[in-house]
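Everything on this sheet refers to the single structure shown next.
Per chain, numbering begins at 1; letters A, B, ... match sequence-line order.
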Protein chains: 2
Amino acid sequence: MVTPGDRARGVSGSPLDTLDFTLDRSSPVPLYYQLAQQLEAAIEHGVLAPGNLLGNEIDLSVRLGLSRPTVRQAIQSLVDKGLLVRRRGVGTQVVHSQVKRPLELSSLYDDLESAGQGPTTQVLRNERQPASTEVAANLGVKEGSEVVVLERLRCTHGEPVAFLCNYLPSGLLELDGARLESTGLYRMMRTAGITLHSARQTVGARSATAAEAKRLEESEGAALLTMQRTAYDDTGRAVEFGTHIYRASRYAFDFQLLMRP
Amino acid sequence: MVTPGDRARGVSGSPLDTLDFTLDRSSPVPLYYQLAQQLEAAIEHGVLAPGNLLGNEIDLSVRLGLSRPTVRQAIQSLVDKGLLVRRRGVGTQVVHSQVKRPLELSSLYDDLESAGQGPTTQVLRNERQPASTEVAANLGVKEGSEVVVLERLRCTHGEPVAFLCNYLPSGLLELDGARLESTGLYRMMRTAGITLHSARQTVGARSATAAEAKRLEESEGAALLTMQRTAYDDTGRAVEFGTHIYRASRYAFDFQLLMRP
DNA sequence: TAGTGGTCTAGACCACAGT
DNA sequence: CTGTGGTCTAGACCACTAC
């Protein structure tokens, strides 16, 4: 006999039924997080295919020996990531597309590294100076107060890709030139315990001036991609303001936007 | 006498203490949402200044006649929005910066309209055709299957700003030319009950070809901003793929990124 | 040591979708 | 009608922070 519940999960049952999750209650990792990770892995590996129903939350909580709110918390975190969709009266399904890339503060160094291009960085300038009106406004400090100014040239395969000019509040971070050349600024900030939280970006384009063209080994008038960004930590304090210029022939921004209704 | 609790909230107490929230239990609006909205309004209006502590969740729940999980849900939604920060052992505070603009799927029409520029749109093309390899891959449909192709020229103050080329799965939406000229594509999709959920974007730059320059009233070789986007609805199905070209002299992308740890 | 948020439980009732 | 997710309650214990 086939009960309504069987039909709801499909005749062959939810793929989740054959999956066993291992929960370690003695672990410091929260239970909802352990469950979320294993669900995400199942989706990633295709065990849960797009469109598959997860089965209802009550059954799942009973089967796992968890309370329903805990299971909900795990599922909700994946809904927030865009991996699952909930529909009242229907159930929870895996989304149909395989858009997995999370939204991140794009760090050029990380972008290039993950693309396997082996970037190198040349620090052109690393010193302290009084903040200009524009820099002060963007960093939320007083005009004329001391800030660190950083100018870098980033290359791949021996050719320039971008010219990066950044301003940081003085005293926030020790900027060692050698480490700056071997890793990205954002990675250094993370290592220093600064947790980036959000950023405001403006992306535009313009033609290269003679000086810019020379620096980036482009021809004068070539199209350049420009980006201005202010980054904030988790308390909302501005921790970086930068103006970046990219060779459009060698770089483009690639990112994902999420809408929250 | 000053108790530790008084000190924790500051000598004058949390500004929240003098605020009265009105909760309507008969309303269909969830209680946590009512609370979240009123908290957000208090922050927006400066009643809760950056750095202010909210007071602990237990007291708040008692004072409001709600359970702690409900209060937590309200607070969590504002933490997700980046308006509040929680610190274990410390409390919940308002973030220090006034970065409030939410992350959104930027619709050029909405952008221009909110900037008060009064955009106009000219529909150059609106017809069905078989999907090319590229379009099919981006929309997740079979190559050669019918899609709607839409070409529009967007202007402000009588001058072109952007040339927009979009592809939509056939049968998704009725595209009335007149309405397309008076509103944006995204707004039409929302009206038709399609809830956009996420999008993948690539932003780059290049020099204008002769044809592009003519169409956008630029000079040949001028810097153009290019954007390619695939948008997905809440089930993860691709609902739009587009290639947009903007006059860099008249438009730039402005958006906020949020990091989720 | 005291206060905070972080996690978890075991129930409950409701609104909505599909039959 | 049944089954689903959406919301809500009233407790509990733990980990971290500051004093």
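- Separating the CG atom of B:Asn56 from the P atom of C:dT4 is a distance of 4 Å, rounded to the nearest angstrom.
- Among all heavy-atom pairs drawn from A:Leu35 and A:Leu23, the shortest one is N-CD2, 4.2 Å.
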Between protein and nucleic acid, restricted to nucleotides 15-17 of chain D and to nitrogen or oxygen atoms under 3.5 Å apart, what atom pairs and distances do you find?
from, atom 1, to, atom 2, distance (Å)
D:dT17, O4', B:Arg88, O, 3.4

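- Remark: B:Glu40 pairs with B:Lys81 by the salt bridge (Lys or Arg N to Asp or Glu O under 4.0 Å) rule, at least two apart or across chains.
- Rounding to whole angstrom units, CD of residue B:Gln93 and C1' of C:dG5 are separated by 13 Å.
- Between the CD1 atom of A:Ile75 and the C1' atom of D:dT4 there is a distance of 12 Å, rounded to whole Å.
- Per the geometry, CG belonging to A:Asp59 stands 14 Å off C1' belonging to D:dT2, to the nearest Å.
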Acceptor/donor pairs from residues 83-92 of chain B side chains to any protein atom, 3.5 angstrom cut, sequence neighbours excluded:
from, atom 1, to, atom 2, distance (Å)
B:Arg86, NH1, B:Glu57, OE2, 2.6
B:Arg86, NH2, B:Gln76, OE1, 2.6

Residues B:Ile194, B:Arg190; criterion side-chain contact (heavy atoms from CB on, under 4.5 Å); working and verdict = CA-CA 5 Å; B:Ile194 300 170; B:Arg190 274 193 290 270; over 6 Å; no
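- Contacts of A:Asp233 classified as salt bridge (Lys or Arg N to Asp or Glu O under 4.0 Å), with partners at least two apart in sequence or in another chain: none.
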Would you sort out whether A:Ser61 and A:Arg68 count as a side chain to side chain donor-acceptor pair (under 3.5 Å), showing the intermediate values?
-> CA-CA 5 Å; A:Ser61 64; A:Arg68 187 185 168 204; over 6 Å; no
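- Legend: residues meeting side-chain contact (heavy atoms from CB on, under 4.5 Å) with B:Ser67, ordered by chain and number and at least two apart, are B:Pro69, B:Thr70.
- For B:Arg179, there are no salt bridge (Lys or Arg N to Asp or Glu O under 4.0 Å) partners at least two apart in sequence or on another chain.
- Listed by chain and residue number, nothing satisfies the salt bridge (Lys or Arg N to Asp or Glu O under 4.0 Å) test with A:Glu143 (two or more places apart in sequence, or in another chain).
- For the side chain to side chain donor-acceptor pair (under 3.5 Å) test, no residue two or more places apart in sequence or in another chain qualifies with B:Gln38.
- Picking from D:dT9, D:dG6, C:dG6 the nucleotide with the shortest atom distance to the side chain of B:Thr70 gives D:dT9.
- A:Thr230 is linked by a side chain to side chain donor-acceptor pair (under 3.5 Å) to A:Asn138, counting only residues two or more places apart in sequence or in another chain.
- Comparing the helix axis at one end of the helix from C:dT1-D:dA18 to C:dG18-D:dC1 with that at the other, each defined from 5 consecutive pairs, gives an inter-axis angle of 10° (nearest 10°).
- Side-chain atoms of B:Pro69 lie closest to D:dA10 of the nucleotides D:dA10, C:dA10, C:dG6.
- Atom-to-atom, CD1 of A:Ile58 to P of D:dT7 comes out at 15 Å; the value is rounded to the nearest Å.
- The stretch residues 24-37 of chain A does not touch DNA chain D, since none of its heavy atoms comes less than 4.0 Å from the strand.
- Checked against side chain to side chain donor-acceptor pair (under 3.5 Å), A:Thr202 has the following partners two or more places apart in sequence or in another chain: B:Asp254.
- Whole-Å rounding puts the B:Glu57 CD to C:dG6 C1' distance at 9 Å.
- Across the protein-nucleic acid pair, B:Gln73 atom CD and D:dC8 atom P stand 7 Å apart, rounded to whole Å.
- Residue A:Arg72 has no polar side-chain atom (N or O) positioned under 4.0 Å from OP1 or OP2 of D:dG5.
- In this entry the distance linking CG of A:Leu66 with C1' of C:dG11 reads 16 Å, nearest Å.
- Along DNA chain C, the nucleotide nearest A:Arg68 and the nucleotide nearest A:Val71 are compared for position; the residue whose nucleotide lies closer to the 5' end is A:Val71.
- Taking side-chain N and O atoms only, A:Thr92 has a distance below 4.0 Å to OP1 or OP2 of D:dG5.
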